[in-house]
Amino acid sequence: MFAPSLELRRLLSELETTLYNVQNKKEKRRGLVHVATSPTISAGIMPNCIAQLRRIYPQINLVIHDQIQQQTLAMVVNGEVDFGVIVEPLTPLELFTETFWEEPFCLVVPKSHPVSQRDAVNWSDLQNEDLVLLDNGSGSRPLINNALIRNNVTPHVIQELGHVTTIFQILSSGIGVSIIPELALASLENSDLVAIPLWPTETRRLQLARRRQRSLSPSAALVWGFISQLKKLS
């Protein structure tokens, strides 16, 4: 029986590897990927991600599940989505996380407010303000609470709401001020509200999160890597 030469075996091996790589690349570029995120992340990061992914990898369908933080974490832990994009929490042990974004909290006030023309506002200046804040379902709320404590502010919270757009509507009516993560400020353009940096700077970190014992599909791994490259870290 004819025995393939070493050169032929090498060529056959290279061809097999090439075919495998081509197939693998094709598989990475197609598929359905489910990602759970909180509302401020959904609005601030994901629309641009969806648009770019559709342009670069049109056969990948990215489905966003817009949920409060606790539900996002539960969906990741229970395997209902491929992975989540979350505000840095006390992460369950069964999750692997990767931090990719850090952003400051800002004060949002009506343009008619006395501090609206300042370059920055000290946290201590919030002591006597009526605060309209994200509710406890938000991943940002514990961070805001801790920032107020660190800066010796006893908050006077008059409203707690689940969506930033509702908060902005209340502020526009002349009621209260709010503390909002930077990503959620895009919708302030052409409004009667302004965002002012808070001093000292307090930040929140965003993380990618997946189950430790569950491997991502090739298409989900590609989306994970795509989002992680958005890195904005101090």
Side-chain angles (χ1 to χ4, degrees), residues 28 31-51 53 60-103 105 132-149 155 157 159-168 178-187 202-233:
K28 285 184 179 181
L32 189 63
V33 179
H34 290 266
V35 177
T37 72
S38 64
T40 57
I41 300 170
S42 295
I45 290 179
M46 301 314 296
N48 187 51
C49 285
I50 294 171
L53 282 167
I60 290 180
N61 185 12
L62 177 58
V63 179
I64 302 300
H65 299 263
D66 190 14
Q67 305 285 352
I68 62 172
Q69 176 94 339
Q70 291 95 326
Q71 290 176 343
T72 294
L73 286 169
M75 291 185 79
V76 177
V77 170
N78 295 333
E80 299 173 54
V81 294
D82 293 284
F83 63 89
V85 187
I86 61 175
V87 179
E88 182 179 33
L90 294 173
T91 307
L93 292 177
E94 59 265 44
L95 294 186
F96 168 81
T97 61
E98 177 184 342
T99 300
F100 72 99
W101 192 281
E102 185 174 16
E103 60 175 345
F105 287 102
V132 182
L133 298 181
L134 290 163
D135 63 26
N136 289 317
S138 165
S140 295
R141 181 58 185 274
L143 303 178
I144 293 171
N145 289 344
N146 291 337
L148 290 166
I149 292 169
V157 181
Q159 291 287 337
E160 299 175 287
L161 300 159
H163 295 279
V164 168
T165 51
T166 311
I167 290 176
F168 290 165
S178 191
I179 302 164
I180 299 293
E182 187 180 57
L183 268 178
L185 301 179
S187 59
E202 297 279 355
T203 65
R204 73 171 186 174
R205 287 175 173 260
L206 304 186
Q207 297 178 326
L208 297 161
R210 62 173 174 80
R211 289 198 298 178
R212 287 186 182 276
Q213 304 305 320
R214 179 181 179 180
S215 298
L216 294 174
S217 68
S219 53
L222 188 149
V223 176
W224 174 294
F226 183 85
I227 296 174
S228 72
Q229 291 174 9
L230 298 173
K231 287 184 183 296
K232 179 190 174 186
L233 296 172

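Source: prediction; values computed, not measured.
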I would like to know whether E94 and R212 meet salt bridge (charged side-chain N to carboxylate O under 4.0 Å, His left out); could you show each step before the answer? CA-CA 6 Å; E94 59 265 44; R212 287 186 182 276; over 6 Å; no

What's the verdict on side-chain contact (heavy atoms from CB on, under 4.5 Å) for E88 and T97, showing C-alpha distance, side-chain angles and the deciding distance? CA-CA 9 Å; E88 182 179 33; T97 61; over 6 Å; no

Counting only N and O atoms by type, is there a donor-acceptor contact under 3.5 Å from the side chain of S178 to the main-chain atoms of V132? yes

So, taking the atom named NE2 in H65 and the one named CD in Q71, what distance separates them when rounded to the nearest 0.5 Å? 12.5 Å

Could you report the tightest heavy-atom contact between S217 and D82, atom names first, then the distance? OG-OD1, 4.4 Å

Indicate the ring-plane relationship of W224 and F96, choosing parallel, tilted or perpendicular according to the 30° and 60° boundaries. parallel

Would you say that L62 contacts F226 through its side chain, given a criterion of any heavy-atom pair below 4.5 Å between the two side chains? no

What are the two closest heavy atoms between P142 and G139, and how far apart are they? CD-O, 3.5 Å

Checking side-chain hydrogen bond (donor to acceptor under 3.5 Å, both in side chains) against T40, which of R204, E103, E182 comes through? R204

At what distance, to the nearest 0.5 angstrom, does CE of M75 lie from NE2 of H34? 9.0 Å

What's the verdict on side-chain contact (heavy atoms from CB on, under 4.5 Å) for L95 and R211, showing C-alpha distance, side-chain angles and the deciding distance? CA-CA 4 Å; L95 294 186; R211 289 198 298 178; 4.2 Å; yes

Atom CG in L208, atom CH2 in W101: separation rounded to 0.5 Å? 12.0 Å

For the pair Q69 (side chain) and V87 (backbone), establish whether a donor and an acceptor sit closer than 3.5 Å, ignoring hydrogens and angles. yes

Quick one: does any side-chain atom of R210 pair with a main-chain N or O of F83 as donor and acceptor, under 3.5 Å? no

CG (N61) and CD1 (I50) are apart, to the nearest 0.5 Å, by 9.0 Å

Looking only at heavy atoms, the pair that brings L134 and G162 closest together is CD2-O, 4.2 Å

Picking from L161, I179, L133, what satisfies side-chain contact (heavy atoms from CB on, under 4.5 Å) with I167? L161

Between S140 and F105, what is the shortest heavy-atom contact and its length? CB-CE2, 4.0 Å

Going through the distances and angles, do L143 and E202 end up as a side-chain contact (heavy atoms from CB on, under 4.5 Å)? CA-CA 9 Å; L143 303 178; E202 297 279 355; over 6 Å; no

E80 backbone acceptor or donor facing N78 side chain under 3.5 Å: no

Return yes if some donor-acceptor pair links the side-chain N/O of Q70 with the main-chain N/O of N136 below 3.5 Å, else return no. yes

Taking the side chain as every heavy atom from C-beta outward, state whether L73 and V76 have any pair of such atoms under 4.5 Å apart. no

Value rounded to 0.5 Å, distance of CD1 in I86 from OG1 in T37: 11.0 Å

Rounded to the nearest 0.5 Å, how far does OG of S38 lie from CG of L206? 7.5 Å

Compare every heavy atom of V81 with every heavy atom of R214, then report the nearest pair and how far apart it is. NH1-O, 3.5 Å

Should V35 and C49 be marked as a side-chain contact (heavy atoms from CB on, under 4.5 Å) after you check the CA-CA gap, both sets of side-chain angles, and the distance that decides it? CA-CA 12 Å; V35 177; C49 285; over 6 Å; no

